[in-house]
**Student:** 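What follows is a single structure, and I will ask about it in a moment.
Each chain gets a letter, A, B and so on, in the order the sequences are listed, and its residues count up from 1.
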There are 2 protein chains.
Amino acid sequence: MAAMEHVAADADIAPVAALIADPTRAAILTALLGGQALAAGELARMAGVSAATASAHLSRLLDGALVAVVRQGRHRYYRLAGPEIAEVLEVLARVGGRPPVRSLRQSRQARMLEEARTCYDHLAGRAGVGLFDRLREAGCLAGEEVTPEGERLLGGLGVDVEGARRARRRFAPECLDWTERRAHLGGALGAAITAVLFERGWYVRGPVPRAVNLTDAGREGLAALFSGKELTSHTPVT
Amino acid sequence: MAAMEHVAADADIAPVAALIADPTRAAILTALLGGQALAAGELARMAGVSAATASAHLSRLLDGALVAVVRQGRHRYYRLAGPEIAEVLEVLARVGGRPPVRSLRQSRQARMLEEARTCYDHLAGRAGVGLFDRLREAGCLAGEEVTPEGERLLGGLGVDVEGARRARRRFAPECLDWTERRAHLGGALGAAITAVLFERGWYVRGPVPRAVNLTDAGREGLAALFSGKELTSHTPVT
DNA sequence: CGCATCCTTCGGCCTGCGGCGAAACGTGCC
DNA sequence: GGCACGTTTCGCCGCAGGCCGAAGGATGCG
């Protein structure tokens with residue numbers, strides 16, 4: 001969930017938030033969430049303000065690079081500047097729209113996500129930090145590197161450590177886990193390990209989008225892995 | 001990327017954004033991104049304002065449920081209210097911090113993501129909308145349902161359509177694709193199909209977090225699938 | 001060219017809200 | 001109890017910025 005590894009070094013979030021913070025601008029942006037470009041006048045009508053007001057807002061949104069404009073005859077069609085903008089609006093909507101009290105179903109789903117989930121492409125939640133801890137305890141990790149011991153253990157599991165090292169992303173960064181408030185393993189290595197866990201069927205995806213479940217095979221496999229026993233051989237799917 | 005299916009029916013995003021929009025509050029929230037709870041006075045010092053000012057801000061953040069507080073003696077320790085809040089801040093940071101001009105490497109990554117990526121747990125990008133179109137053309141989908149023809153084709157592929165229908169989420173909603181500006185298939189069915197694509201090795205995850213790549217096997221398999229030929233039998237990994 | 005349409009710029013009004021110091025409140029310590 | 005300290009509440013000031021109507025481009029049409 002917390003994609004610390006991807007956050008630009010302390011970017012100014014206030015100016016962007018300020019652009020979205022005005023109700024009229026928010027209405028405009030939400031209207032544009034549909035994906036199609038809309039004319040300035042139409043946006044003014046949708047937002048319930050005069051053309052002059054809407055124009056001022058659109059000008060600021062343009063400055064802030066939240067929207068882009070294409071002139072066509074005497075119309076100016078505005079659209080969101082990119083997918084990231086839509087993402088921001090959607091995440092904000094999830095936070096703003098969350099009900100003050102959770103339904104039973106929601107809290108059940110929340111508990112599942114706390115137990116084990118994916119964070120982008122690596123394992124997170126209690127399972128994620130647990131795995132990270134056990135890898136450290138077993139002496140597999142030192143700083144952002146893998147020890148020879150770790151190479152052996154992960155290699156035996158079927159993880160392509162060398163491949164992960166060559167990937168175009170950070171190798172083994174800690175990724176702050178937001179439900180556990182502690183680190184789990186992210187980056188190329190975290191993704192590679194997680195891929196193997198799925199290939200082996202040790203974890204399977206759950207009904208809720210990012211939830212994953214530990215299988216019986218996974219429980220046994222992980223226990224064996226960290227008790228030092230050799231693993232049964234394994235043929236990857238690809 | 002566009003998780004339309006999860007957005008609450010037009011939630012008010014402006015109030016949340018307004019809370020983040022003030023530079024002082026943004027500084028406080030960013031300070032709390034570290035994960036540990038901090039005392040009010042400490043936050044005041046970090047944000048560079050008087051205790052009175054910080055207190056007022058914290059009070060508003062508390063009202064808006066962006067932070068939570070725990071009293072301990074004469075201190076009050078504030079922390080972010082939950083993982084969603086961290087997520088909002090991180091997404092905002094990505095947008096606010098994005099460089100005006102993309103590096104070669106970034107634009108290469110962006111192109112990869114435009115071609116094919118995952119959106120939560122289903123296929124998106126050109127590949128996602130393409131697959132959706134071909135499923136529709138083949139008469140597999142009707143509204144939010146699967147036709148008998150679709151049952152046959154997907155069943156032959158190894159997709160558990162019945163299982164997806166029973167899942168605790170929408171079955172086959174359209175999900176707006178933000179790079180293509182058209183719909184792709186989301187929900188339980190989209191996830192189930194995507195899972196099979198990975199199991200069969202038709203798609204593999206790429207070096208960039210959400211990127212996926214079509215394999216040669218995938219190209220052939222998909223071509224065969226939509227040309228009506230029978231598929232080679234398939235043993236799932238789990 | 002003249003007019004209608006769409007959009008932006010300008011000038012003025014006014015509310016909202018962030019800032020501070022001082023005082024009040026609550027808690028721990030002696 | 002009395003004091004110190006952390007935090008909140010109160011009162012006040014100042015300004016950023018949202019709103020509109022009117023005027024000023026720009027574009028298309030006849």
Side-chain angles (χ1 to χ4, degrees), chain A residues 12-32 36-81 89 92 96, chain B residues 12-32 36-81 89 92 96:
Chain A
D12 262 351
I13 62 177
V16 192
L19 283 175
I20 311 176
D22 176 75
T24 303
R25 281 194 296 266
I28 290 175
L29 291 169
T30 304
L32 291 174
Q36 51 180 328
L38 297 172
E42 203 165 357
L43 288 169
R45 195 177 46 74
M46 285 186 182
V49 293
S50 76
T53 303
S55 178
H57 284 305
L58 287 168
S59 165
R60 294 191 56 181
L61 290 173
L62 204 55
D63 260 3
L66 291 200
V67 303
V69 65
V70 44
R71 306 179 45 157
Q72 211 170 102
R74 50 186 170 188
H75 297 267
R76 295 197 187 179
Y77 291 96
Y78 288 86
R79 60 175 177 80
L80 294 188
L89 297 175
L92 275 171
Chain B
D12 258 351
I13 63 178
V16 192
L19 284 175
I20 311 176
D22 177 75
T24 303
R25 281 195 295 267
I28 290 175
L29 292 169
T30 305
L32 291 174
Q36 51 180 328
L38 297 171
E42 202 164 358
L43 287 169
R45 196 177 45 73
M46 285 188 182
V49 293
S50 75
T53 302
S55 177
H57 284 305
L58 286 168
S59 164
R60 295 190 54 181
L61 290 173
L62 204 54
D63 261 3
L66 291 199
V67 303
V69 66
V70 44
R71 307 179 44 155
Q72 210 171 101
R74 50 185 169 186
H75 296 268
R76 294 196 188 181
Y77 291 96
Y78 288 87
R79 60 173 177 81
L80 293 188
L89 297 175
L92 275 172

**Student:** Side chain of B:Arg76: nearest nucleotide among C:dT27, C:dC6, D:dT8?
**Tutor:** D:dT8
**Student:** Can you tell me how far OG1 of A:Thr30 sits from CG of A:Leu80, rounded to the nearest 0.5 angstrom?
**Tutor:** 9.0 Å
**Student:** Please give, in whole Å, the distance from C:dC7 C1' to A:Leu58 CG?
**Tutor:** 10 Å
**Student:** If you take all heavy atoms of B:Tyr78 and B:Leu58, which pair is closest and at what distance?
**Tutor:** CE1-CD1, 3.6 Å
**Student:** When rounded to the nearest 0.5 angstrom, what is the spacing between CZ in A:Arg45 and CG in A:Leu38?
**Tutor:** 9.5 Å
**Student:** Strictly below 4.0 Å: does A:His57 bring a side-chain N or O up to OP1 or OP2 of D:dG17?
**Tutor:** no
**Student:** Nearest-Å distance, OH (B:Tyr77) to C1' (D:dT8)?
**Tutor:** 17 Å
**Student:** With heavy-atom distances below 4.5 Å as the criterion, would you say the side chains of A:Tyr77 and A:His75 are in contact?
**Tutor:** yes
**Student:** OP1 or OP2 of D:dA26 versus the side-chain N and O atoms of A:Arg71: is any pair under 4.0 Å?
**Tutor:** no
**Student:** Scan B:Leu92, B:Leu43, B:Leu89 and name whichever one has a side chain to side chain contact (heavy atoms under 4.5 Å, CB included) with B:Leu29.
**Tutor:** B:Leu89
**Student:** Do any of residues 18-29 of chain B sit with a heavy atom less than 4.0 Å from DNA chain D, and if so which?
**Tutor:** none
**Student:** Identify, residue by residue, the members of residues 39-55 of chain A with a heavy atom below 4.0 Å from DNA chain C, and return them in order of residue number, or none.
**Tutor:** A:Ala39, A:Ala40, A:Gly41, A:Ala51, A:Ala52, A:Ser55
**Student:** Would you give me the side-chain donor-acceptor pairs under 3.5 Å for residues 19-28 of chain B, sequence neighbours excluded?
**Tutor:**
unit_1, atom_1, unit_2, atom_2, d
B:Asp22, OD2, B:Thr24, N, 3.0
B:Asp22, OD2, B:Arg25, N, 3.1
B:Arg25, NE, B:Leu19, O, 2.6
B:Arg25, NH1, B:His57, ND1, 3.1
B:Arg25, NH2, B:Ala18, O, 3.1

**Student:** Shortest non-hydrogen contact from A:Val16 to A:Asp12?
**Tutor:** CG2-O, 4.0 Å
**Student:** Does B:Tyr78 make a side-chain N or O approach to OP1 or OP2 of D:dG6 shorter than 4.0 Å?
**Tutor:** no
**Student:** What is the distance, to the nearest angstrom, from the NE2 atom on B:His75 to the C1' atom on D:dA4?
**Tutor:** 12 Å
**Student:** Just the rounded figure in Å: distance from P of D:dT7 to CD of B:Gln72.
**Tutor:** 12 Å
